[in-house]
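Notes follow the structure.
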Protein chains: 2
Amino acid sequence: MTEKASLDPVDWHILSVLQDDASITNKALAERVGLPTSSCHERVRRLRATGVISGVKAVVDPAALGRGLQAFIAVRLRLHRRELAEVFVAAALALPETLSVYNVSGPEDYFLHVAVTDSAHLQRIIVDHLATRPEVAHAQTHLIFDRPLTATVRPVPS
Amino acid sequence: MTEKASLDPVDWHILSVLQDDASITNKALAERVGLPTSSCHERVRRLRATGVISGVKAVVDPAALGRGLQAFIAVRLRLHRRELAEVFVAAALALPETLSVYNVSGPEDYFLHVAVTDSAHLQRIIVDHLATRPEVAHAQTHLIFDRPLTATVRPVPS
DNA sequence: AGTGAAATTGTACTGGC
DNA sequence: GCCAGTACAATTTCACT
């Protein structure tokens, strides 16, 4: 199951390219990594089959849809309502503004990553859909400045 | 610039599918949304041209590569070293374990999203590459339980 | 103008070396 | 792991609502 397939430098090169742009044709990818198309295709097939590449997804920019403000909302649940965690998670995921929900350790229980139009919109979400939930003890907002800086999964020298 | 192109329900349907799996063929996508291939292709082309779809990326699962533990590291910088923020960000992105860096408001200045092999590995990163940096005042770790639950960008009823 | 159908060009993918 | 063939899909063109 967790048989971490060991990747060679060419595999990492392929992953580097595909994490940046997976709409590249196999032909162009093969050229960039210096492989014939059939070999390159087989490499990609294996990376998918072994679960290293878990999927290929279109990235939608919320800012292009008028939702240019992103934030993390750190939520603490009431101790005696922890059994309602699943209810909370379901409600959080049902919010159309939600991008991701992280169940975390530490003083807070959940991090919600949301994309909203402006601070008023954010305030409305928190007041109407989070702070008023009985299982929620506290919600702390962290506005995200600029754009999130996203890196790729890279090899870690063991 | 920020001309939020108004999308109809079919566009949202397309976005919903492509955010889940962008490796679907245009033909299959057209069938699922009930459109001829040419119309569907044109819709997708426009979504890309207007920046709504900012890219197509392969999703790499760190767990399949032996990095099954993820965490947020909330970092607070020293007030009188804020001008070194760019240096810190560069260092954070250079860490191969880093997935994303968020510059946030609130008591903390940065959230680092990292993927590591285990808690010892995480400890090593923090001690060797974060806590010892002169501009870093404090680093608080939030382990991420389970898998992050990721949603898609969806329409928000205005 | 944007949608529906068909033809062409190119690539993805499967056999064999 | 590399080469060549076959089938299929992406993309353009044209007619229509």
### Summary
Of the listed D:dT11, C:dG2, C:dC13, the closest approach to the B:Arg46 side chain comes from C:dG2
### C:dA12 phosphate, OP1 or OP2, under 4.0 Å from A:His41 side-chain N/O
no
### Task
Output yes when at least one side-chain N/O atom of B:Arg43 is less than 4.0 Å from OP1 or OP2 of C:dG2, else no.
no
### Task
Tell me which nucleotide among C:dA12, C:dG4, D:dG1 gets nearest to the side chain of A:Ser39.
D:dG1
### Task
Name the closest nucleotide to the B:Pro36 side chain, picking from C:dA5, D:dG1, D:dA4.
C:dA5
### Message
Would a single hydrophobic cluster contain both B:Leu99 and B:Val116, if residues Ile, Leu, Val, Met, Phe, Trp and Tyr are joined by side-chain heavy-atom contacts under 4.5 Å?
### Response
no
### Query
Just how far, in rounded Å, is P of D:dA10 from NZ of A:Lys27?
17 Å
### Task
May I ask you to test the A:Leu29-A:Val44 pair for a side-chain heavy-atom distance under 4.5 Å?
yes
### Task
Classify the nucleic acid contact of B:Arg45 as base, sugar-phosphate or nothing, counting any heavy atom under 4.0 Å across all strands shown.
nothing
### Query
For C:dT11, does OP1 or OP2 lie under 4.0 Å from any side-chain N or O of A:Thr25?
no
### Query
Going by distance alone, is a donor N or O of one side chain under 3.5 Å from an acceptor N or O of the other, for A:Glu108 and A:His138?
no
### Query
Would the number of heavy atoms belonging to other residues, nucleotides or ligands and lying under 6.0 Å from CZ of A:Arg32 be above 12?
no
### Message
Just the rounded figure in Å: distance from C1' of C:dC13 to CZ of A:Arg48.
### Response
13 Å
#### Entry: d(CG, A:Leu35; C1', D:dC2) in whole Å
9 Å
### Query
Without hydrogens or angle criteria, can the side chains of B:Glu97 and B:His121 be said to hold a donor-acceptor pair below 3.5 Å?
yes
### Distance, rounded to the nearest Å, where B:Ile14 contributes CD1 and C:dT3 contributes P
10 Å
### Query
Tell me: CD1 of B:Ile24 to P of C:dA12, nearest whole Å?
17 Å
### Query
Given C:dT3, C:dA12, D:dA10, which nucleotide is nearest the side-chain atoms of B:Asn26?
D:dA10
### Message
Taking any heavy-atom pair under 4.0 Å as a contact, classify A:Ser38: base, sugar-phosphate, or nothing.
### Response
base
